[in-house]
Every structure is written in C-alpha cells, then in structure tokens.
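Keep in mind it's a predicted model, so treat the numbers as computed, not measured. Nothing fancy with the numbering, it's 1 onward along the sequence. For the numbers below, each heavy atom of this structure counts, side chains included, while hydrogens, waters and symmetry mates do not.
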Amino acid sequence: MFDPTAFENMKVVMEGGFYDRDLSGEIRIVDRNDIINTAKMCRRYDITFTDLAEGMAEILCTFIMEAGLDNLAAELLPQGKSKILAGCRISVNFTIKHQHDHKKFQEIREVLRLRWGSGRNIEQTVKYSTENRQGLAETETIISFNRLVQEEQIDDLNEMIAYMTASMDALRKIQF
C-alpha cells in the first residue's frame with residue numbers, strides 16, 4: 001500500500017465536495033479531467049460545473065489544481081525545501097458567453113474582485129469574431145492564488161466551492 005500524495009488527498013476532498021453538490025442539485029458537473037503528464041512529470045486536475053439557471057446565459061466555473069515534479073519531489077524526498085514546495089497551485093476560471101460589450105468585461109472583473117479580494121491575481125481573456133463585433137464574446141476570467149496550497153489547508157479548499165457558487169450567483173446579477 002502506498003501513502004497518497006498531498007495532490008491526491010486534496011483532489012479526493014474537492015471531487016467529493018463537487019459531486020455532493022451535483023447530487024443535491026445545487027450545481028451540474030459538465031466536465032472533469034485528471035491528467036498525468038509523463039513528459040513533464042506533472043499532474044493536473046480540473047472539474048467544470050454550471051449552476052442550474054435556465055433561460056439565462058451559461059456561466060461555467062472550472063476549478064484547477066496542478067502539481068509539478070518539484071512539488072512531488074519535495075513531498076517524497078525529505079530534505080530542507082520539502083515544506084516550502086510541497087503543495088499545489090490552484091486557480092478558478094469563470095467562462096461566460098455574452099454580447100460583445102466592454103462594460104460587461106469590466107463588470108465581470110469587478111464582481112469577482114469584490115468576491116475574491118484584491119490580493120488575488122485576476123486575469124481576463126476575451127474571444128470574439130473580428131467579422132462580427134456586435135455578436136457574442138466569450139470572457140474567461142482566471143483567479144489565481146499566487147502561492148502553493150498545502151495539504152494542511154484542505155478544509156479551506158472545500159470552503160472554496162461555496163465561494164465559487166456564490167460568485168456564480170453574483171455574476172447572474174449582471175444583465176447578459
């Protein structure tokens with residue numbers, strides 16, 4: 001029997017939290033990936049869900065957890081840096097399709113900044129057709145945490161799911 005890594009333990013806790021909410025009808029999981037990249041010796045887990053709002057713009061939220069070789073080595077090889085590098089990088093993405101309108105981009109960013117705090121790195125990418133600027137745009141807003149999350153913070157990670165669903169509720173107040 002092997003001792004699971006911090007990545008594996010955090011993934012199982014988060015996955016359970018998401019699927020509990022899916023089973024209760026609070027959210028609907030639409031995608032999940034658990035990737036091991038053997039060329040770079042890294043792992044990535046992501047799970048995407050949406051709320052159950054019908055007749056409104058679709059808002060997708062993706063939780064992403066990544067760990068590289070340095071994170072795994074720090075955990076498995078007990079040396080001086082193990083406490084510093086053992087953990088995962090976390091990010092949360094919100095993807096929304098809406099009418100191409102610069103005010104909407106700013107509103108989305110502001111809603112998420114207020115919800116997640118100014119200490120988080122918030123980056124937006126907007127995709128749209130150059131032939132049809134009046135058409136739909138897709139805004140992806142990425143919230144990253146500028147630090148490693150460690151296994152000792154596993155309870156905080158589970159609470160993050162409530163932040164994600166509350167963020168979706170706040171984004172729903174924007175008229176798309």
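Atom CG of Leu72 sits about 11.5 Å away from atom CG of Leu85, to the nearest 0.5 Å. From Thr48, atom OG1 reaches atom CD1 of Ile64 across 7.5 Å, with rounding to the nearest 0.5 Å. Here the straight-line distance linking atom CG of Asp46 with atom CD of Glu66 works out to 8.5 Å at 0.5 Å rounding. The distance from the SG atom of Cys61 to the CG atom of Asn93 is 8.0 Å, given to the nearest 0.5 Å. Here Thr50 contributes atom OG1 and Asp22 contributes atom CG; the two are 11.0 Å apart, rounded to the nearest 0.5 Å. Within the model, atoms CD of Glu140 and NZ of Lys97 stand 12.0 Å from one another, a figure rounded to the nearest 0.5 Å.
Side chain of Thr141 to main chain of Gln124: no donor-acceptor pair is present (N/O by atom type, distance under 3.5 Å, no hydrogens or angles). A donor-acceptor pair is defined here as one N or O able to donate and one able to accept, closer than 3.5 Å; such a pair exists between the side chain of Gln150 and the backbone of Ala86.
By the side-chain contact (heavy atoms from CB on, under 4.5 Å) test, Ala53 is found to be paired with Asp51, Met56, Arg172, residues two or more places apart in sequence or in another chain being considered. Looking at residues two or more places apart in sequence or on another chain, you find no side chain to side chain donor-acceptor pair (under 3.5 Å) involving Gln99. With sequence neighbours excluded, the residues that form a side-chain contact (heavy atoms from CB on, under 4.5 Å) with Ile36 are Thr38, Arg43. Applying the side-chain contact (heavy atoms from CB on, under 4.5 Å) rule to Ala6 yields the partners Met10, Glu75, Glu151; only residues at least two apart in sequence or on another chain are considered. Not a single side chain to side chain donor-acceptor pair (under 3.5 Å) links Thr95 to another residue, sequence neighbours left out. Checked against side-chain contact (heavy atoms from CB on, under 4.5 Å), Leu148 has the following partners two or more places apart in sequence or in another chain: Asn71, Arg89. Judged as a side chain to side chain donor-acceptor pair (under 3.5 Å), and not counting sequence neighbours, the contacts of Asp31 are Asn33. Evaluation of the side chain to side chain donor-acceptor pair (under 3.5 Å) rule for Gln153 yields no partner, not counting sequence neighbours.
A salt bridge links Asp34 with Lys11: the closest approach of a Lys/Arg side-chain nitrogen to an acidic carboxylate oxygen falls below 4.0 angstrom.
Two residues are said to be in side-chain contact when any heavy atoms from C-beta on lie closer than 4.5 Å; Glu58 and Ile96 fail this criterion. Side chains of His100 and Phe105 form a contact here, defined as non-hydrogen atoms less than 4.5 Å apart. Residues Phe94 and Thr62 have side chains not in contact (no heavy-atom distance under 4.5 Å, counting atoms from C-beta outward). Contact of the Tyr19 side chain with the Ile47 side chain is registered, since non-hydrogen atoms from C-beta on lie closer than 4.5 Å. Taking 4.5 Å as the limit, some side-chain heavy atom of Leu157 sits within range of a side-chain heavy atom of Val149.
Across all non-hydrogen atoms, the minimal contact from Cys88 to Ala67 is SG-CB, 4.2 Å. The two atoms that bring Gly17 and Asn158 nearest to each other are CA-OD1, 3.9 Å, heavy atoms only. Residues Val111 and Ala170 approach most closely at CG1-CB, 3.6 Å, considering heavy atoms. Summarising the geometry of Ala137 relative to Val126, their closest heavy-atom pair is CB-CG1, 4.1 Å, with the distance given to 0.1 Å.
Listed by first and then second residue, the ring pair (Phe, Tyr, Trp, His ring centres under 6.0 Å) pairs involving residues 141-174 are Trp116-Phe145, Trp116-Tyr163 (not counting sequence neighbours). Each ring pair (Phe, Tyr, Trp, His ring centres under 6.0 Å) pair with one or both residues in residues 28-62, not counting sequence neighbours, appears once here: Phe18-Phe49. Listed by first and then second residue, the side chain to side chain donor-acceptor pair (under 3.5 Å) pairs involving residues 103-114 are Glu110-Arg113 (not counting sequence neighbours).
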Steps toward side chain to side chain contact (heavy atoms under 4.5 Å, CB included) verdict (Ser167, Leu112): CA-CA 7 Å; Ser167 296; Leu112 294 174; 3.9 Å; yes
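Val30 forms part of a hydrophobic cluster together with Leu60, judged by ILVMFWY side-chain heavy-atom separations under 4.5 Å.
If you look at Tyr128 and His98, their ring centroids are not closer than 6.0 Å.
Note: the hydrophobic cluster containing Ile142 does not contain Ile108 (ILVMFWY, side chain heavy atoms under 4.5 Å, direct or indirect links).
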